A.B. asks: 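Quick one: the structure is below, and I'll ask about it shortly.
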Amino acid sequence: MRSLDPPAAWALILEATGRRAPLVVVAPGGAAPLAAAWRDAVREAGVDWIEAPGVDPSAPRPGEPFGFWLDCAGAIDPARPRASWLEPVRRAYADPCGPMLPDGNAVAFALLGQLSPLLRRPSVLALRGLERATDDDLLVLGFLARALGAAGVVLVVFAEASWDDAGLERRLSRAGEVSLARAVAPDASPRPAPDASPRPAPDASPRSAPTPARRAEGEAAGVALCAAGALHEGVATLSAALAAAPEPQAPERAEAWLHLAMAALQTHAPELALRAARIARTAADVPSVRRRARRVHMAALRQAGQAEALRELGLAAYAEREAAPDPGERFWLHLDAALGCSMLDPEGRHEALLDVILAGRDVPEGCRATAHLWKAAHVFARGRPAEAATLVVERERAAEAAALQERGLAGIEAMGDVTRALFVRARLGATLEIAGRPADAIAHLEVAAERARWCGERALAALATAEAVTACAALGERARAEALVARERAASTPGERAGERPRRSLLERRARAHLAIARGASLEARREAEALLAEARGLPPQHAQAAFAECCEAVYLLADAAALEGDREAARALAGAGLRLAADAAPEDRPRLRARGALRAERLVKSNVRDGDHPA
């Protein structure tokens, strides 16, 4: 985090509004002259100043989900009822059988839709009370900073208390990539850069850490936090409350364990999710709660790849599916049974169970949307081996899958499930490209890339961009492809999550290679493809699936380069090698890689590839 004096911080703010770059400036709230000076300066610069004044820092509301944002939003629009800001999120997850909770991205997206009409031009959105913000509040802060930054909106957050720079930056970094700066109060002494010389004597009175928001207490508070999407605070509150409970596995605590399991699953704590779901199933004396806990337990088992245990629970759900008293619950049990045989299916029940849901009436929206997406995955999974792949077969299968994915995407977007919709939209874009609908594919991939950047999912943004560039180059839209690559590069910041950079580097290299093919620059394309192959082979084990897919993409690009150079024999051999690799790719990558190989093989058979044509 850069420390700047007020004039330099103000210059950075103006630069960010002009460049439409995401920026968060943390400023001392006690420096009233600083806020007043900036408030006056925006008028001269032609920038709007929108402030959330009147928040009472002495009266935090422990346990209120996203209280920081409700305070700020209420100050901006005081006529609006406080609870109404989050009501759309709560309403979308009202199904008592559903295994999913809203998350911070859903809350952020809802706030974005309600704040955007107030921020139609370059603006400074000034917020107060940073010291009261939870990690869930900071997740929303990062999302809004990235989403509003594209409209020239800079967030300035005033903290009433002093703070420790390292601790504050660490908390803010959990929100994903965002450029951070710290405005130093006029009477403060900025801390020198780490490599400054000579080093001064230690500060006799170091700044204290931000005052943490008072944590909610009790199981009811934790359940309320989870139900509203404040998952990190909910997990912490429920974990503490249940650990201190005299009888932690009593039946009356089953609902608390259930919400802990759901929140842990969505915050990527699989071991906690499995343990909490098991306890919820054992403790529950209400059948509907027990079934919902099993549903979450199965999702955690599927995530952990435990096929035998998943199948056992699926068979239990299969046996209960007709006896459930509620029609909606019966459809959920059909979905549970389908999930149970999604990894091991000797009876061939998986597709038949999904078809029952898709043909049903009054199916809960979340259940139907999920069934559409699982059926699409099954369509791809029943594909032929790579050696037998033809472009016609691959496109027909992709068209069937795309129709299912489109229906599933519509359902989860209607629910406001922003995070899941993001990944589904990216997959849909790749499927549409296979189906021979590149224009539709690009439209979805551009949206997916932009929203992935908002959510801090930088690897997904890079993947969507690389796929969109491939489709643009195939259509001859080189300017659009160049713009996509430039936008992705401009979005990079030093705060990138650890481990994401190697994957993103490969995706950017693949995009450059496709652009070189589109320009007819075979030597440049060959250099990029060879470097892509070498870098993919050098990825660490945790990126093994991505490395395999990029190796296959690199082989196809080498085939494209050979075709441009007129070496049809080498191009055919490389395309065949890529198809053989595709046969061993992960199920979610295999359809795309197999279709790209089939496309190259067909074009090489039909005619020579003219100089400047894009083989993909």
Side-chain angles (χ1 to χ4, degrees), residues 59-71 82-83 85-87 89-108 110 132-140 171 174 211-286 288-297 299-300 417 419:
R61 298 171 176 84
E64 183 182 39
F66 300 100
F68 170 81
W69 287 103
L70 292 178
D71 281 345
R82 184 180 182 85
W85 290 88
L86 297 183
E87 183 57 33
V89 176
R90 291 191 176 97
R91 187 171 59 248
Y93 288 82
D95 185 350
C97 301
M100 301 289 290
L101 294 166
D103 62 15
N105 287 332
V107 172
R132 296 179 298 108
T134 66
D135 284 347
D136 294 291
D137 291 323
L138 296 179
L139 179 72
V140 175
R171 292 186 69 215
R174 294 173 188 169
T211 305
R214 284 188 293 165
R215 174 155 290 159
E217 296 181 358
E219 298 155 35
V223 169
L225 287 162
C226 291
L231 302 185
H232 295 88
E233 189 70 5
V235 166
T237 299
L238 285 174
S239 296
L242 291 167
E247 295 182 50
Q249 299 190 27
E252 61 268 22
R253 294 194 169 86
E255 193 75 34
W257 283 110
L258 171 60
H259 279 76
L260 177 59
M262 289 191 287
L265 188 66
Q266 288 175 238
T267 53
H268 309 292
E271 292 183 5
L272 177 58
L274 283 168
R275 175 173 171 268
R278 286 193 195 101
I279 295 174
R281 288 178 54 215
T282 303
D285 56 2
V286 178
S288 60
V289 174
R290 190 163 54 246
R291 286 193 291 262
R292 194 181 189 192
R294 182 179 61 198
R295 192 162 295 135
V296 179
H297 192 184
D417 192 342
T419 304

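Everything numeric here is computed off the predicted structure, so don't read it as measured data. In this chain, numbering begins with 1 at the start of the sequence shown.
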A.B. asks: Between atom CG of Asn105 and atom CG of Leu139, what is the distance when rounded to the nearest 0.5 Å?
C.D. replies: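 Going from the CG atom of Asn105 to the CG atom of Leu139 covers 5.5 Å.
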
A.B. asks: Rounded to the nearest 0.5 Å, what's the gap from OG1 on Thr282 to CZ on Arg290? Could you check?
C.D. replies: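 Thr282 OG1 to Arg290 CZ: 10.0 Å, rounded to 0.5 Å.
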
A.B. asks: Looking at CG of Asp103 and NE2 of His232, how far apart are the two atoms once the value is rounded to the nearest 0.5 Å?
C.D. replies: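 Asp103 CG to His232 NE2: 9.5 Å, rounded to 0.5 Å.
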
A.B. asks: Closest heavy-atom contact between Val289 and Ala284?
C.D. replies: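 Shortest heavy-atom separation between Val289 and Ala284 comes out as CG1-CB, 3.9 Å.
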
A.B. asks: Identify the heavy atoms of Val89 and Ala228 that sit nearest to each other, and give their distance.
C.D. replies: CG1-O, 4.3 Å

A.B. asks: Restricting to non-hydrogen atoms, name the atom on Ala277 and the atom on Ala261 that form the minimum distance, rounded to 0.1 Å.
C.D. replies: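 Smallest heavy-atom distance, with atoms named: N-CB, 3.6 Å.
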
A.B. asks: Please name the pair of heavy atoms, one in Asp285 and one in Pro251, separated by the smallest distance, quoted to 0.1 Å.
C.D. replies: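 Closest approach of Asp285 to Pro251, heavy atoms only: OD2-CB, 3.5 Å.
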
A.B. asks: Can you name the closest pair of heavy atoms from Ala263 and Cys226 and give their distance?
C.D. replies: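 Heavy-atom minimum between the residues: CB-SG, 3.8 Å.
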
A.B. asks: Within the structure provided, determine whether Ser239 and Leu260 are in side-chain contact (heavy-atom separation under 4.5 Å).
C.D. replies: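 Yes - at least one pair of side-chain heavy atoms lies under 4.5 Å apart.
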
A.B. asks: Going by heavy atoms in the side chains, are Trp69 and Asp137 under 4.5 Å from each other?
C.D. replies: yes

A.B. asks: Does any part of the side chain of Glu219, heavy atoms only, come nearer than 4.5 Å to the side chain of Glu252, both counted from C-beta?
C.D. replies: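 No. Closest side-chain heavy atoms not under 4.5 Å.
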
A.B. asks: In the structure I gave you, are the side-chain heavy atoms of Arg295 and Cys97 within less than 4.5 Å of one another anywhere?
C.D. replies: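 Heavy-atom side-chain distance check passes, below 4.5 Å.
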
A.B. asks: So, using side chain to side chain donor-acceptor pair (under 3.5 Å) as the criterion, who are the partners of Gln266 when residues are at least two apart?
C.D. replies: none

A.B. asks: Indicate the atoms forming the closest heavy-atom contact of Ala273 with Ala264, along with that distance.
C.D. replies: N-CB, 3.7 Å

A.B. asks: In Å and rounded to the nearest 0.5 Å, what is the OG1 to CG distance from Thr237 to Leu242?
C.D. replies: 10.5 Å

A.B. asks: Please report the interatomic distance CG(Leu101) to CG(Asp417), rounded to the nearest 0.5 Å.
C.D. replies: 10.5 Å

A.B. asks: Do Asp136 and Leu225 have side chains that get closer than 4.5 Å, going by heavy atoms?
C.D. replies: no

A.B. asks: Indicate yes or no for a side-chain donor-acceptor contact from Arg292 to the backbone of Gly98 under 3.5 Å, with no hydrogens or angles considered.
C.D. replies: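 Answer holds: yes.
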
A.B. asks: Looking at Arg281, is its backbone amide N or carbonyl O close enough to the side chain of Trp257 to form a donor-acceptor pair, meaning the two atoms are under 3.5 Å apart?
C.D. replies: no

A.B. asks: Between CG of Leu238 and CZ of Arg253, what distance do you get to the nearest 0.5 Å?
C.D. replies: 11.5 Å

